[in-house]
Amino acid sequence: MKLYEQQELHIYNSLSKKKEKFTPIHEGAIGMYVCGPTVYSNVHMGNCRTFLSFDLVFRYFKHLGYKVRYVRNITDAGHLENDGESGDDPILKKARLERIEPMEVVQKYTVDFHTTMEKFNALPPSIEPTATGHIIEQIDIVKTIISEGFAYVKNGSVYFDVVKFNEAHDYGKLSGRKLEDMITNTRELAAQSEKKNPQDFALWKKAEPQHIMRWPSPWSDGFPGWHLECTAMSTKYLGHQFDIHGGGMDLKFPHHECEIAQAEASNKQSPVNVWMHANMLTLNGKKMSKSTGNNILPNELISGNNDILSKAYPATVAKFFMFQAQYRSILDFSDEALAASEKGFYRLMDSFRSIDSISTSEKSSFDVTSWRQACYNAMNDDFNSPILIAHLFEASKQINAFKEGTESITEEDLKLLQKTMHDFLFDVLGLVDTTHETGDDSSKLNGAIELLIELRNQARANKDFSTSDRIRDELQEVGIHLKDGKEGTTYSLN
RNA sequence: GGCAUCAUGGCCGAGUGGCUAGGCAGAGGUCUGCAAAACCUUCUACAGCGGUUCGAAUCCGCUUGAUGCCUCCA
């Protein structure tokens, strides 16, 4: 029996604005699409939060025993800085700036994205398609939408006719907007427009002569509109209708609204059962943003080389910090909050590691089975990782009590406790126990410190406290902290 | 301006119509040669004003404030 048959998962659906019981279209298998990055600059922590939120979702599905096809695209063309009217492609802009090929820009930041995701111990998706690799599929969809009567050609560009679409469909159902309101509240158009209505969006754009990213099409040499790639690639790899589509909250409108319109116009059916939106990571109370510069990069976090944080933090600590908030809540990134999470994280890891030293009893005074189900209940309730983490801390407290002997546990229960903690800490949350990373160098260091600890303890036994304190204090100065416990002295770095 | 969302204790953050969230910090204690660490115990709450209800921080309305989207961003 698969785990998912025992656990009832509920997911908040942005489309219905409710938590719904989750049932995949095909039993035991899930198709999930998540909007990936536009690769014209380094991903910042805000971008990472979204991808880590969906990494949690992916990991939990897998943990439950589902077969998951997780598609996350790389946008390497077609994403204009405004509305597909007169804007620049940020990739082209960057290429001009750095005097390199657009595809060199794409390559550079795709690699950065991948190494960053690895640092956060995020699993790679099952398929990671690129927009430029699916031009033919995108052209096909444009053709279909034109033949269905929901798009028009103007000067070699093709636009989606939102007003026409809205006559038979509901444009705005995802983001809770009404087309009439949008038309009423339209801002003044700055330039002459090829569009019938400002709400229309580009499916295909004719390239200006200097625009070097271009592909032939029936309408012009040009490039696809931004919203189109996700429709093309999700349809190709997941079908006309699939289980989950995710992305950042900021993509809800217009991007995801347009995706729905494109899919309904070309396939005559709503493409996605459950829409999930991860909320923003803010800095100084404002959304992290590439364009305004209000952001912090993963490397700046890990190296400590930044003006925002007082010290360097491991990637996994930042991940733990983010999972202490639910993915649908806005989370503010601050030194104070991160430091608080870091202490808790190490405490949790320490207690997990100490499970091995617990001696077991005939009887358990702690109900491991119901605690374990409480952990699942937390995740089953729309991936509520903060509640899950609260339960893990509760286990941590119990572990200490087992060691003290104030509570007891059987061998069988202890094994279940250990397995459950391991499953959630490492498989589901995808955390990394940084204190376990020891190479050859550190084992040499370890030997040296062990010797100093021994010398210090001898001095203490001889009541030669000036020597013992000197060892302790001078090690402290170089960043080695000695900790005297009941079972001897241990140490921690920095 | 339009449409949304949110407002919880010193800080970060869950949750809920009546029952302890959790973490960090603070306070007290255990341990210790001292200190640190570790562990135990513990205080402070639900923006304001009305309403519904036996009962609301939780539901409804208004006010105030913040944020997001409406133009590129996860």
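Numbers restart at 1 for each chain; the letters A, B, ... are given by sequence-line order, proteins then strands.
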Query raised in the report: Taking atom C1' in both B:C43 and B:A4, what distance in whole Å separates the two?
Result: 38 Å
Query raised in the report: Can you find a side chain N or O atom of A:Arg347 that sits less than 4.0 Å from OP1 or OP2 on B:C24?
Result: yes
Query raised in the report: With a 4.0 Å cut-off on heavy atoms, is A:Ser329 in touch with a base, just the backbone sugar-phosphate, or nothing at all?
Result: sugar-phosphate
Query raised in the report: In terms of side-chain geometry, is the basic nitrogen of A:Lys287 or A:Asp250 positioned less than 4.0 Å from the acidic oxygen of its partner?
Result: yes
Query raised in the report: Rounded to the nearest Å, what distance is computed from the CG atom of residue A:Asp181 to the C1' atom of nucleotide B:C69?
Result: 14 Å
Report task. Assert yes or no for the condition that the ring centre distance of A:Phe321 to A:Phe333 is strictly below 6.0 Å. Result -> yes
Report summary line: 5'-most contact on RNA chain B (nearest-nucleotide basis), A:Arg328 vs A:His391, goes to A:Arg328
Query raised in the report: OP1 or OP2 of B:G23 less than 4.0 angstrom from a side-chain nitrogen or oxygen of A:Lys343, does that happen here?
Result: no
Query - Side-chain ion pair, A:Arg472 and A:Asp469, N-O less than 4.0 Å - result: yes
Requested in this report: Take atom C1' in B:G22 and the same atom in B:G13, then report the distance between them in whole Å.
Outcome: 8 Å
Report summary line: A:Arg472 atom CZ is separated from B:U32 atom P, nearest whole Å, by 15 Å
Requested in this report: Answer yes when A:Arg460 and A:Asp484 have at least one side-chain N-carboxylate O distance shorter than 4.0 Å, and no when they do not.
Outcome: yes
Query raised in the report: Using atom P of each nucleotide, how far apart are B:C49 and B:A56 to the nearest Å?
Result: 14 Å
Requested in this report: Fill in the dot-bracket string of RNA chain B, one character per base: . for unpaired, | for a pair to another strand, ( ) or [ ] for pairs within the strand, taking Watson-Crick or G-U pairs under 3.5 Å.
Outcome: (((((((..(((.....[...))).(((((.......)))))....(((((..]....))))))))))))....
Query raised in the report: Checking all strands, does A:Glu394 fall into the base, sugar-phosphate, or nothing category for heavy-atom contacts under 4.0 angstrom?
Result: nothing
Report task. Would you classify A:Leu348 as touching base, sugar-phosphate or nothing, given that sugar-phosphate means primed atoms plus P, OP1 and OP2, and contacts are heavy atoms under 4.0 Å? Result -> nothing
Query raised in the report: Contact class for A:Ser289 vs. all strands (heavy atom < 4.0 Å): base, sugar-phosphate, or nothing?
Result: base
Query raised in the report: What's the shortest heavy-atom distance between A:Ala315 and A:Lys119, and which atoms?
Result: CB-O, 3.4 Å
Query raised in the report: Would you say the side chain of A:Ser175 and the base of B:C69 hold a donor-acceptor pair, judged only by whether the two atoms sit under 3.5 Å apart?
Result: no
Report summary line: Against the side chain of A:Leu331, the closest entry in B:G33, B:G13, B:G23 is B:G13
Query raised in the report: NA contact type, A:Ala337, heavy-atom cut-off 4.0 Å: base, sugar-phosphate, or nothing?
Result: sugar-phosphate
Requested in this report: State whether A:Asn400 places a side-chain N or O below 4.0 Å from either non-bridging phosphate oxygen (OP1 or OP2) of B:C39.
Outcome: yes
Report task. Nearest whole angstrom, please: distance from the P of B:U71 to the CE of A:Met182. Result -> 10 Å
Query - Aromatic stack A:Phe465/B:G33: centroid gap under 5.5 Å, interplanar angle under 30° - result: yes
Query raised in the report: Can you check the A:Leu297 CG to B:A74 P distance for me, whole Å?
Result: 13 Å
Requested in this report: Look at the side-chain N and O atoms of A:Ser53 and state whether any lies under 4.0 Å from the OP1 or OP2 oxygen of B:A74.
Outcome: no
Query raised in the report: Below 4.0 angstrom from OP1 or OP2 of B:U67, is there any side-chain N or O of A:Lys286?
Result: yes
Query raised in the report: Heavy atoms under 4.0 Å, any strand shown: does A:His277 hit a base, just sugar-phosphate, or nothing?
Result: nothing
Query raised in the report: Centroid-to-centroid, A:Phe383 to A:Phe323, below 6.0 Å?
Result: no
Report task. Mind calculating the distance between CE (A:Met249) and C1' (B:C70) to the nearest angstrom? Result -> 15 Å
Query raised in the report: At under 4.0 Å between heavy atoms, what does A:Ser468 touch on the DNA or RNA strands: base, sugar-phosphate, or nothing?
Result: base
Report task. Mind checking A:Lys287 for me? I need base, sugar-phosphate or nothing, with any heavy atom below 4.0 Å counting as a touch. Result -> base
Query raised in the report: Is any side-chain heavy atom of A:Asp89 less than 4.5 Å from a side-chain heavy atom of A:Met213?
Result: yes
**Report entry** Same-atom distance (C1') from B:U44 to B:A27, integer angstrom
**Finding:** 12 Å
**Report entry** Aromatic centroids of A:Tyr237 and A:Phe242 separated by under 6.0 Å
**Finding:** no
**Report entry** Shortest side-chain distance from A:Pro386, nucleotide among B:C72, B:A37, B:G13
**Finding:** B:G13
Query - A:Phe393 CZ - B:U20 P separation (whole Å) - result: 21 Å
Query - Spacing of A:Tyr346 atom OH relative to B:C39 atom C1', expressed in whole Å - result: 21 Å
Query raised in the report: Under 4.0 Å: is that the gap between some side-chain N or O of A:Lys397 and OP1 or OP2 of B:C39?
Result: no
Query raised in the report: Hey, are A:Asp335 and A:Lys311 close enough for a salt bridge, meaning a charged N less than 4.0 Å from a carboxylate O?
Result: no
**Report entry** First of A:Arg177 and A:Asn279 reached from the 5' end of RNA chain B, by closest nucleotide
**Finding:** A:Arg177
Query raised in the report: Does A:Asp469 get its side chain close enough to the base of B:G33, under 3.5 Å, for a donor-acceptor pair?
Result: yes
Report task. Provide, to the nearest angstrom, the distance between the CD1 atom belonging to A:Ile471 and the P atom belonging to B:G33. Result -> 17 Å
Query raised in the report: Given B:G15, is OP1 or OP2 found less than 4.0 Å from the side-chain N or O atoms of A:Asn384?
Result: yes
Query raised in the report: Expressed in whole Å, how much space separates the C1' atoms belonging to B:U53 and B:G17?
Result: 9 Å
Query raised in the report: What does A:Gly172 touch in the nucleic acid at a heavy-atom separation under 4.0 angstrom: a base, only the sugar-phosphate, or nothing?
Result: nothing
Requested in this report: Between B:U52 and B:C59, how far apart are the C1' atoms? Round to whole Å, please.
Outcome: 8 Å
Query raised in the report: What is the nucleic acid contact for A:Gly247, judged by heavy atoms within less than 4.0 Å: base, sugar-phosphate only, or nothing?
Result: sugar-phosphate
Query - salt_bridge(A:Arg59, A:Asp55) N-O dist < 4.0 Å - result: yes
Query - Atom P, compared across B:U16 and B:A35: separation rounded to whole Å - result: 45 Å
**Report entry** Salt bridge present between A:Glu98 and A:Lys108 (N-O < 4.0 angstrom)
**Finding:** yes
Query raised in the report: Which part of the nucleic acid, if any, lies within reach of A:Ala325 when heavy atoms closer than 4.0 Å are counted: base, sugar-phosphate only, or nothing?
Result: sugar-phosphate
Report task. Determine the Euclidean distance between corresponding P atoms of B:U42 and B:G48; express it in Å to zero decimal places. Result -> 28 Å
